[in-house]
A.B. asks: 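So that we are looking at the same thing, I have put the structure below in structure tokens.
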Amino acid sequence: MEFALRIAAWQGRHGRHDLPWQKTRDPYRIWLSEIMLQQTQVSTVIPYYQRFLDRFPDLQALARAAQEEVMPYWAGLGYYARARNLHRCAQEIVRDWDGRFPPDAAAIATLPGIGRSTAAAIAAFAYGERSPIMDGNVKRVFARHFGIAGDPARREVETRLWDVAEAQLRDGAGRDVDMAGYTQGLMDLGATVCVRAKPRCEACPVAETCTARREGRQAELPTPKARKASPERTTGMLVLQREGRILLEQRPSPGIWGGLWSLPEFDVAIAPADACRALGAEPGTVYALAAFSHTFTHFRLHVRPWYVTVSGDPPSRVQPTQWVDAGAAARAALPAPVRKLLDGLFAAGLPESVMSR
């Protein structure tokens with residue numbers, strides 16, 4: 001039995017079958033799941049996926065919404081460019097495709113935020129199209145099974161992986177394979193069996209033809225990426241409190257946390273009271289909150305937040321601002337670490353007066 005047929009048959013018996021996006025051939029719902037699953041675990045995605053569909057049940061509903069209506073349903077999921085591209089993509093489909101999702105992987109790949117592998121997955125699940133996929137887990141499966149060494153992120157190595165993936169669908173069994181089962185099977189195999197550390201080779205449907213297993217090279221393949229030290233940045237944040245409300249500022253888009261609401265930032269070389277005055281507000285009580293760090297894809301951000309009581313209303317800034325109480329903060333599209341900070345402050349009760357320091 002050929003590679004693709006073995007994996008599709010294994011998926012039918014041992015793969016995952018209870019994920020909410022597996023019960024549909026609606027390309028909108030499949031597309032949403034594929035975008036949410038990029039760089040994000042299934043267990044994290046499921047509640048976001050369900051809430052998003054409750055609010056935007058179809059492509060037209062998403063296209064009609066304003067971006068600021070969409071972002072709260074993505075807040076905390078990270079990689080926020082995905083949400084902005086999702087919204088742009090829906091509007092583009094309504095405008096250029098008469099509101100119907102493109103009919104094949106090649107056309108789908110022309111849309112904002114959709115690469116070759118994601119387009120192929122959508123086309124396989126929605127239309128049964130015979131197009132290979134190549135996400136991070138699947139790269140590991142192919143690198144090990146076919147003995148492809150080298151960093152999969154390098155162009156020449158990735159090209160070899162794609163060539164091998166295409167070959168599995170080109171002749172013989174490839175013509176007969178259930179594409180949805182095969183595509184899901186590759187994903188399931190990489191996520192649950194051919195895992196990075198301690199792969200479960202005894203449970204693998206293609207173990208008998210696997211190069212890495214035969215040669216004992218599971219730990220070597222795929223070739224680990226050379227690690228680089230992540231740049232580090234430090235910023236100050238102002239938790240400005242006035243009459244039980246906190247000032248939020250909308251982040252510019254595009255950019256880190258683009259389109260989300262966050263706290264005003266300032267250069268840590270500046271005293272927090274002076275940063276507050278630069279906003280046009282006179283500080284009262286000023287004290288330091290616990291510092292925290294947040295890791296992005298390409299750098300690590302260290303945040304030093306300061307709690308400052310103010311009176312009056314700072315003048316309008318370039319970015320939109322709003323004063324929020326606990327209820328409004330809970331509904332706002334906040335980055336996960338900012339939400340955690342504010343949830344803790346509101347839960348403890350915002351202190352009106354503490355000793356300045």
Side-chain angles (χ1 to χ4, degrees), residues 19-21 29 31-57 61-62 65-90 112-113 118 135-136 191 230 233 235 237-239 245-265 289-305 319-348 350:
L19 303 176
W21 44 85
R29 292 174 176 239
W31 164 54
L32 174 63
S33 71
E34 289 297 320
I35 299 300
M36 285 189 165
L37 287 166
Q38 292 171 358
Q39 306 291 323
T40 311
Q41 294 183 346
V42 168
S43 58
T44 301
V45 165
I46 289 175
Y48 278 91
Y49 176 81
Q50 293 170 333
R51 283 196 300 268
F52 198 96
L53 285 178
D54 287 343
R55 174 61 181 83
F56 309 106
L62 178 57
Q67 187 181 106
E68 53 265 29
E69 296 177 79
V70 176
M71 298 308 291
Y73 292 87
W74 204 278
L77 199 55
Y79 301 96
Y80 295 102
R82 294 183 298 174
R84 296 191 295 271
N85 283 331
L86 196 81
H87 184 238
R88 283 178 54 215
C89 191
T118 299
D135 67 11
S230 294
R233 305 179 191 172
T235 188
M237 282 189 178
L238 291 173
V239 183
R245 294 173 182 262
I246 298 295
L247 183 70
L248 296 181
E249 178 177 273
Q250 192 171 38
R251 300 279 300 189
S253 179
I256 298 300
W257 295 330
L260 300 188
W261 291 88
S262 188
L263 299 166
E265 294 187 23
L289 298 171
F292 62 90
S293 299
H294 185 75
T295 301
F296 294 92
T297 306
H298 301 299
F299 72 97
R300 185 168 176 80
L301 180 67
H302 302 287
V303 179
R304 299 178 186 172
Q319 293 300 120
T321 59
Q322 61 174 322
W323 291 93
V324 297
D325 57 16
R331 295 188 297 272
L334 302 175
V338 175
R339 179 173 297 282
K340 184 177 180 180
L341 171 64
L342 294 186
D343 283 351
L345 284 173
F346 281 118
L350 295 177

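This is a predicted model, so every value here is computed, not measured. Quick note: numbers below take in every heavy atom, side chains included, and nothing from hydrogens, waters or symmetry partners. Numbering starts at 1 and runs along the sequence shown.
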A.B. asks: Can you name the residues that form a side chain to side chain contact (heavy atoms under 4.5 Å, CB included) with Pro252, not counting sequence neighbours?
C.D. replies: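 If we apply the side chain to side chain contact (heavy atoms under 4.5 Å, CB included) test to Pro252, skipping adjacent residues, the hits are Gln319.
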A.B. asks: Side chains of Pro335 and His294: does their closest heavy-atom pair fall under 4.5 Å?
C.D. replies: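 Sidechains of His294 and Pro335: no contact.
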A.B. asks: What's the verdict on side chain to side chain contact (heavy atoms under 4.5 Å, CB included) for Val42 and Trp21, showing C-alpha distance, side-chain angles and the deciding distance?
C.D. replies: CA-CA 11 Å; Val42 168; Trp21 44 85; 4.2 Å; yes
A.B. asks: To the nearest 0.5 Å, what is the distance between CZ on Arg251 and CE on Met71?
C.D. replies: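 One finds 11.5 Å between CZ of Arg251 and CE of Met71.
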A.B. asks: Any donor and acceptor pair, going by atom type alone, linking the side chain of His87 with main-chain N or O of Ala65 inside 3.5 Å?
C.D. replies: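 Yes, because the side chain of His87 sits within donor-acceptor range (under 3.5 Å) of the backbone of Ala65.
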A.B. asks: Is there a side-chain contact between Val239 and Leu289 (heavy atoms, below 4.5 Å)?
C.D. replies: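 A side-chain contact exists here, since the closest heavy-atom pair is under 4.5 Å.
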A.B. asks: Roughly how far apart are His302 NE2 and Thr235 OG1, rounded to 0.5 Å?
C.D. replies: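 Those atoms lie 12.0 Å apart.
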A.B. asks: Over all heavy atoms of both residues, which pair between Trp261 and Pro320 is shortest? Give the atoms and the distance, please.
C.D. replies: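 It is CZ3-O, 3.4 Å.
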A.B. asks: Taking only residues two or more places apart in sequence or in another chain, which ones pass side chain to side chain donor-acceptor pair (under 3.5 Å) with Arg82?
C.D. replies: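 In terms of side chain to side chain donor-acceptor pair (under 3.5 Å), with neighbours along the sequence ignored, Arg82 is linked to Thr40.
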A.B. asks: Below 4.5 Å, heavy atoms only, C-beta onward: do Pro305 and Leu341 meet side chain to side chain?
C.D. replies: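 Pro305 vs Leu341: side chains touch.
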A.B. asks: Please tell me if the side chains of Leu62 and Tyr73 come closer than 4.5 Å, counting only heavy atoms from C-beta onward.
C.D. replies: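 Not in contact.
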A.B. asks: Can you tell me how far apart CG (Leu301) and CZ (Phe292) are? Round to the nearest 0.5 Å.
C.D. replies: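 The CG atom of Leu301 sits 7.5 Å away from the CZ atom of Phe292.
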A.B. asks: Give a yes or no answer on whether the side chain of Arg84 reaches the backbone of Gly258 with a donor-acceptor pair at less than 3.5 Å.
C.D. replies: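 A pair under 3.5 Å: yes.
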A.B. asks: So, does Tyr48 use its side chain to make a donor-acceptor pair with the main chain of Ala75 at under 3.5 Å?
C.D. replies: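 Yes, the answer is positive, given that a donor and an acceptor are paired below the 3.5 Å cut-off.
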A.B. asks: If every non-hydrogen atom of Ser262 is compared with every non-hydrogen atom of Met237, which pair is closest and at what distance?
C.D. replies: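 Nearest pair, atom of Ser262 first, then Met237: OG-CE, 4.0 Å.
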A.B. asks: Is there a ring-ring contact (aromatic ring centres under 6.0 Å, His included) between Phe52 and Tyr49? Walk through the geometry before answering.
C.D. replies: CA-CA 5 Å; Phe52 198 96; Tyr49 176 81; 8.7 Å; no
A.B. asks: Looking at every heavy atom in both Gly76 and Ala336, which two are closest together, and how far apart are they?
C.D. replies: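 Residues Gly76 and Ala336, closest heavy atoms: CA-CB, 4.1 Å.
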A.B. asks: Using the ring of each side chain (for Trp, its six-membered ring), is Phe296 parallel, tilted or perpendicular to Trp257, with breaks at 30° and 60°?
C.D. replies: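 Ring orientation, 0 to 90° scale: tilted.
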A.B. asks: Taking the side chain as everything from C-beta on, heavy atoms only, tell me whether Met36 gets closer than 4.5 Å to Leu77.
C.D. replies: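 Side chain of Met36 against side chain of Leu77, heavy atoms only: contact under 4.5 Å found.
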A.B. asks: Kindly give the heavy-atom pair with the smallest separation between Arg29 and Pro57, and that separation in Å.
C.D. replies: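 So the minimum-distance heavy-atom pair works out to NH2-O, 3.8 Å.
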A.B. asks: Can you give me the closest heavy-atom contact between Phe346 and Val324, atom names plus distance?
C.D. replies: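 Closest approach of Phe346 to Val324, heavy atoms only: CZ-O, 3.8 Å.
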A.B. asks: Atom CG of Asp135 and atom CD of Gln39: how far apart are they, to the nearest 0.5 Å?
C.D. replies: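 Separation between the atoms: 9.5 Å.
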A.B. asks: Mind listing the closest non-hydrogen atom pair of Gln67 and Gly259 along with its distance?
C.D. replies: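 What the structure gives for the nearest pair is OE1-CA, 4.4 Å.
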A.B. asks: According to salt bridge (Lys or Arg N to Asp or Glu O under 4.0 Å), does anything in residues 42-55 pair up with another residue at least two apart or in another chain? List the pairs.
C.D. replies: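 Found Arg55-Glu69.
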A.B. asks: Atom CZ in Arg300, atom OG in Ser293: separation rounded to 0.5 Å?
C.D. replies: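 Separation between the atoms: 4.5 Å.
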A.B. asks: What distance separates Ile35 CD1 from Cys89 SG, expressed to the nearest 0.5 Å?
C.D. replies: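 If we round to the nearest 0.5 Å, Ile35:CD1 and Cys89:SG are 7.5 Å apart.
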A.B. asks: So if I apply the side-chain contact (heavy atoms from CB on, under 4.5 Å) rule between Leu334 and each of Leu263, Leu342, Leu260, which one comes out positive?
C.D. replies: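 Among Leu263, Leu342, Leu260, the one that satisfies the side-chain contact (heavy atoms from CB on, under 4.5 Å) with Leu334 is Leu342.
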A.B. asks: Where do Leu32 and Phe56 land on the side chain to side chain contact (heavy atoms under 4.5 Å, CB included) test, with the steps shown first?
C.D. replies: CA-CA 11 Å; Leu32 174 63; Phe56 309 106; over 6 Å; no
